[in-house]
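Inspection log for the structure reproduced underneath, given as structure tokens.
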Amino acid sequence: MQQYDAIVIGARCAGSPAAMLLARRGYKVLVVDHASFPSDTLSTHIIQPLGVAALKRWGLLDRVVATGCPAIRQYVYDFGPVTIAGSPGTEESPVAYAPRRTVLDKILVDAAAEAGAEVREEFSVDELLFDGERVIGIRGRSKGGERVTERARVVIGADGRHSLVARAVSPEEYNARPPLQGGYYTYFSNLPVDGRFEIYIRPRCGFGVAPTNDGLTMVVAGWAIADYEEKKKDYAANYRKTLEAVPAFAERLRAAKQEERFRGGFTPNFFRKPYGAGWTLIGDAGYEKDPITAQGITDAFLAAERCAEALGEVFTGKRSFDEAMAGYQRDRDERAMPVYELTCQIAALQPPPPEMQQFLRSIEGNQPAMDQFARMNAGTTSNAGALTR
Ligand SMILES: Cc1cc2nc3c(=O)[nH]c(=O)nc-3n(C[C@H](O)[C@H](O)[C@H](O)COP(=O)(O)OP(=O)(O)OC[C@H]3O[C@@H](n4cnc5c(N)ncnc54)[C@H](O)[C@@H]3O)c2cc1C
């Protein structure tokens, strides 16, 4: 007997929106997570304009804004000799935000519960339940250590890059690339950025600066993967050196105070086939990429939304599971692939090739072209051709 229409494993950027959207359609949903909320996770947290638009569609943007997290209106790419400053959004969705994950994920989990999804925090899924090849449920442990079995028509793996669901069903992996860069981030007070996401790109390294909650500024620095292990040996000093290599930023940093410990690492790059008998994958579990272009949260939102729509078609008998899920995979990949390629290129942290340097010089100061550049890097548009118009 099925107890739930859907069980969602993981309750952050992918899982909670999927649970919320399915529950809003009237389906019986269980969402579980190891974590309790609010809690942090290893991630910086720029939400691109398309992700902000999703929050608005879901009626959750006001909650994010109410936390005092500043809007980001401009992306500034400092390549050394050339600086490109553009607006990343569109008329309908003009800005980005970078709310702390403690703040964002709690808003998402609460919204899932308000929509009627049953949320179980501090619940660890140990294994999937199979009937032959078909996934029919989960086995796990609740907060008190009690062993629990639950069944559903579909199990949604929103369980991040080390996805237990993916390990259990071994989906096809494609377009995989090795890790390309690695780095560290922390937070500073007294380092105003005034509504900008600043990105400094230098040979074999770079750093990004964005405003977040509580008057703090997040600063993330990264190095090409070939240098990463060496830099990691004294990451705090190397982080500081990377930032101070830009004199104007070093000057600003002098007045700032580091408020939190460093966190960091590197990220693999891959797509996974996101469905099979009785299961689907959303968010990082199905598509993981280097964070350098800050796409993960936005991708997780959009995959959750598209997957929930496809499951609605399945549950109402409008489409077969395979047909609906193939549509979800196609849409996910078509949207993600251009920005994935761009992300892998940027994450290599190589100096831009001469034609790119020439292009950047040619658009410096041309506001429509610089806006288009920012939109492309934000994943708002993948229309590279429009850059030259
Ligand atoms: C250093 C770094 C910086 C980043 N910066 C950005 C950025 O600026 N902007 C951006 O958009 N993205 C960024 N990302 C990517 C972003 O963090 C991810 O894409 C996003 O968190 C994916 O959301 P998710 O819900 O798929 O997975 P996750 O956020 O990883 O959530 C998965 C959840 O599943 C739970 N879980 C896993 N297994 C189980 C289990 N067996 N039982 C119960 N629960 C389980 C975990 O506890 C976790 O809460 C960054 C990533 C890193 C590593």
Derivation of the side-chain contact (heavy atoms from CB on, under 4.5 Å) call for Asp284 and Thr267: CA-CA 11 Å; Asp284 281 5; Thr267 306; over 6 Å; no
Met325 and Cys307: CA distance, side-chain angles, deciding distance, side-chain contact (heavy atoms from CB on, under 4.5 Å) verdict: CA-CA 7 Å; Met325 287 300 141; Cys307 183; 4.3 Å; yes
Test side-chain contact (heavy atoms from CB on, under 4.5 Å) applied to Arg202 and Thr242, step by step: CA-CA 9 Å; Arg202 297 293 184 270; Thr242 303; over 6 Å; no
Check against side-chain contact (heavy atoms from CB on, under 4.5 Å), Leu164 and Arg167: CA-CA 5 Å; Leu164 171 133; Arg167 272 183 279 131; 4.0 Å; yes
Working for salt bridge (charged side-chain N to carboxylate O under 4.0 Å, His left out), residues Glu341 and Arg177: CA-CA 10 Å; Glu341 292 301 335; Arg177 312 274 164 79; 3.0 Å; yes
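At least one side-chain heavy atom of Ile292 sits less than 4.5 Å from a side-chain heavy atom of Thr343. Contact check for Phe188 versus Val209: no side-chain heavy atoms found under the 4.5 Å cut-off. With a 4.5 Å cut-off on side-chain heavy atoms, Val109 and Glu121 count as touching. By the 4.5 Å heavy-atom criterion applied to side chains, Phe123 and Ile138 are counted as neighbours.
Around atom CD of Gln358, no more than 12 heavy atoms belonging to other residues, nucleotides or ligands sit under 6.0 Å away. Annotation: Phe266, atom CZ; neighbour count of heavy atoms from other residues, nucleotides and ligands within 6.0 Å does not exceed 12. In this structure, Arg73 places its CZ atom where only 12 or fewer heavy-atom neighbours from other residues, nucleotides or ligands lie under 6.0 Å away. By the neighbour-count criterion of 12 heavy atoms within 6.0 Å, atom CD of Glu172 is densely surrounded, having more than that number from other residues, nucleotides or ligands.
A salt bridge does not link Arg204 to Glu230: none of the charged side-chain nitrogens sits closer than 4.0 Å to a carboxylate oxygen. Between Asp126 and Arg147 there is a salt bridge, since a side-chain N of the basic residue sits under 4.0 Å from a carboxylate O of the acidic one. With respect to the salt-bridge test (charged N to carboxylate O, under 4.0 angstrom), the residues Lys28 and Asp5 do not qualify. Ion pairing between a basic and an acidic side chain is recognised when a charged N comes within 4.0 Å of a carboxylate O; Arg25 and Glu309 show no such pairing. The pair Asp105-Arg101 counts as a salt bridge, with a side-chain nitrogen and a carboxylate oxygen less than 4.0 angstrom apart. Residues Glu364 and Arg361 are not paired through a salt bridge, judged by the lack of any N-O separation under 4.0 Å between the basic side chain and the carboxylate. Ion pairing between a basic and an acidic side chain is recognised when a charged N comes within 4.0 Å of a carboxylate O; Arg332 and Asp299 show no such pairing. We find that Arg335 and Asp331 are not joined by a salt bridge, their nearest charged nitrogen and carboxylate oxygen being 4.0 Å or further apart. Between Arg100 and Asp214, no side-chain nitrogen of the basic residue sits less than 4.0 Å from a carboxylate oxygen of the acidic one, so the salt-bridge criterion is not met. Electrostatic pairing of Arg57 and Glu305 counts as a salt bridge here, judged by a charged N lying under 4.0 Å from a carboxylate O.
Following chains of ILVMFWY side-chain contacts shorter than 4.5 Å, one can reach Tyr328 starting from Leu22, so the two form part of one hydrophobic cluster. Side-chain heavy atoms closer than 4.5 Å link hydrophobic residues (I, L, V, M, F, W, Y) into clusters, and following such links, even through other members, never connects Leu30 to Ile156. Using a 4.5 Å cut-off between side-chain heavy atoms of Ile, Leu, Val, Met, Phe, Trp and Tyr, with links allowed through other members, Leu108 and Leu42 fall into different hydrophobic clusters. Cluster annotation: Phe37 and Ile47 are assigned to distinct hydrophobic clusters (Ile/Leu/Val/Met/Phe/Trp/Tyr, side-chain heavy-atom contacts under 4.5 Å, transitive). Under a hydrophobic-cluster definition in which Ile, Leu, Val, Met, Phe, Trp and Tyr are linked whenever side-chain heavy atoms come within less than 4.5 Å, directly or via other members, Val165 and Val135 are assigned to the same cluster.
Going from atom CD of Gln345 over to atom CG of Leu180 covers 11.0 Å, rounded to the nearest 0.5 Å. In this structure, CG in Asp371 is found 9.0 Å from CG in Asn366, a value given to the nearest 0.5 Å. Summarising the geometry, atom CZ belonging to Phe271 is positioned 7.5 Å from atom NZ belonging to Lys289; distances are rounded to the nearest 0.5 Å. A distance of 10.0 Å separates CG in Leu216 from CG in Leu191, rounded to the nearest 0.5 Å. Rounded to the nearest 0.5 angstrom, Asp234 CG and Lys241 NZ are separated by 7.5 Å. The CG atom of Leu302 sits 11.5 Å away from atom CD1 of Ile282, with the distance rounded to the nearest 0.5 Å.
Of the residues Tyr184, Trp223, Tyr185, the one that meets the ring-ring contact (aromatic ring centres under 6.0 Å, His included) test with Tyr235 is Tyr184.
Under the 3.5 Å distance criterion, the side-chain polar atoms of Gln329 are left unmatched by any main-chain donor or acceptor of Arg272. Although no hydrogens or angles enter the test, the distance criterion places no donor-acceptor pair under 3.5 Å between the side chain of Asp159 and the main chain of Ile9. Within the 3.5 Å criterion, the main-chain N or O of Pro192 finds a donor-acceptor partner in the side chain of Arg252. Proximity of a side-chain donor or acceptor of Thr293 to a complementary backbone N or O of Asn377 within less than 3.5 Å is not detected. Side chain of Thr298 to backbone of Gln48: a donor-acceptor contact under 3.5 angstrom is found. At least one donor-acceptor pair under 3.5 Å links the side chain of Ser93 to the backbone N or O of Pro49. Side chain of His34 to main chain of Ser124: no donor-acceptor pair is present (N/O by atom type, distance under 3.5 Å, no hydrogens or angles). Side chain of Tyr4 to backbone of Glu118: no donor-acceptor contact under 3.5 angstrom is found. Between the side chain of Glu229 and the main chain of Lys231, no donor-acceptor pair closer than 3.5 Å is present.
A cation-pi geometry, defined here as NZ or CZ lying under 6.0 Å from the six-membered ring centre and within 45° of its normal, holds between Lys273 and Tyr275.
Residues Glu122 and Ser36 share a closest heavy-atom pair of OE2-CB, 3.5 Å. Residue Ala35 comes nearest to Ser39 through the heavy atom pair CB-OG, 3.9 Å, listed as atom of the first residue, atom of the second, then distance. Residues Pro291 and Gln181 come closest through the heavy atom pair CD-NE2, 4.4 Å. Nearest approach of Leu104 to Cys13, heavy atoms of both residues: CD2-SG, 4.2 Å. Taking every heavy atom of both residues into account, Ser43 and Tyr187 meet most closely at O-OH, 4.4 Å. Summarising the geometry of Ala308 relative to Leu21, their closest heavy-atom pair is CB-CB, 3.9 Å, with the distance given to 0.1 Å.
With hydrogens and angles left out, the side-chain atoms of Gln295 and Tyr287 include no donor and acceptor closer than 3.5 Å. Arg263 and Thr44 share no donor-acceptor pair across their side chains, judged by distance under 3.5 Å alone. Between the side chains of Asp333 and Tyr174, a donor-acceptor pair is found at a separation under 3.5 Å.
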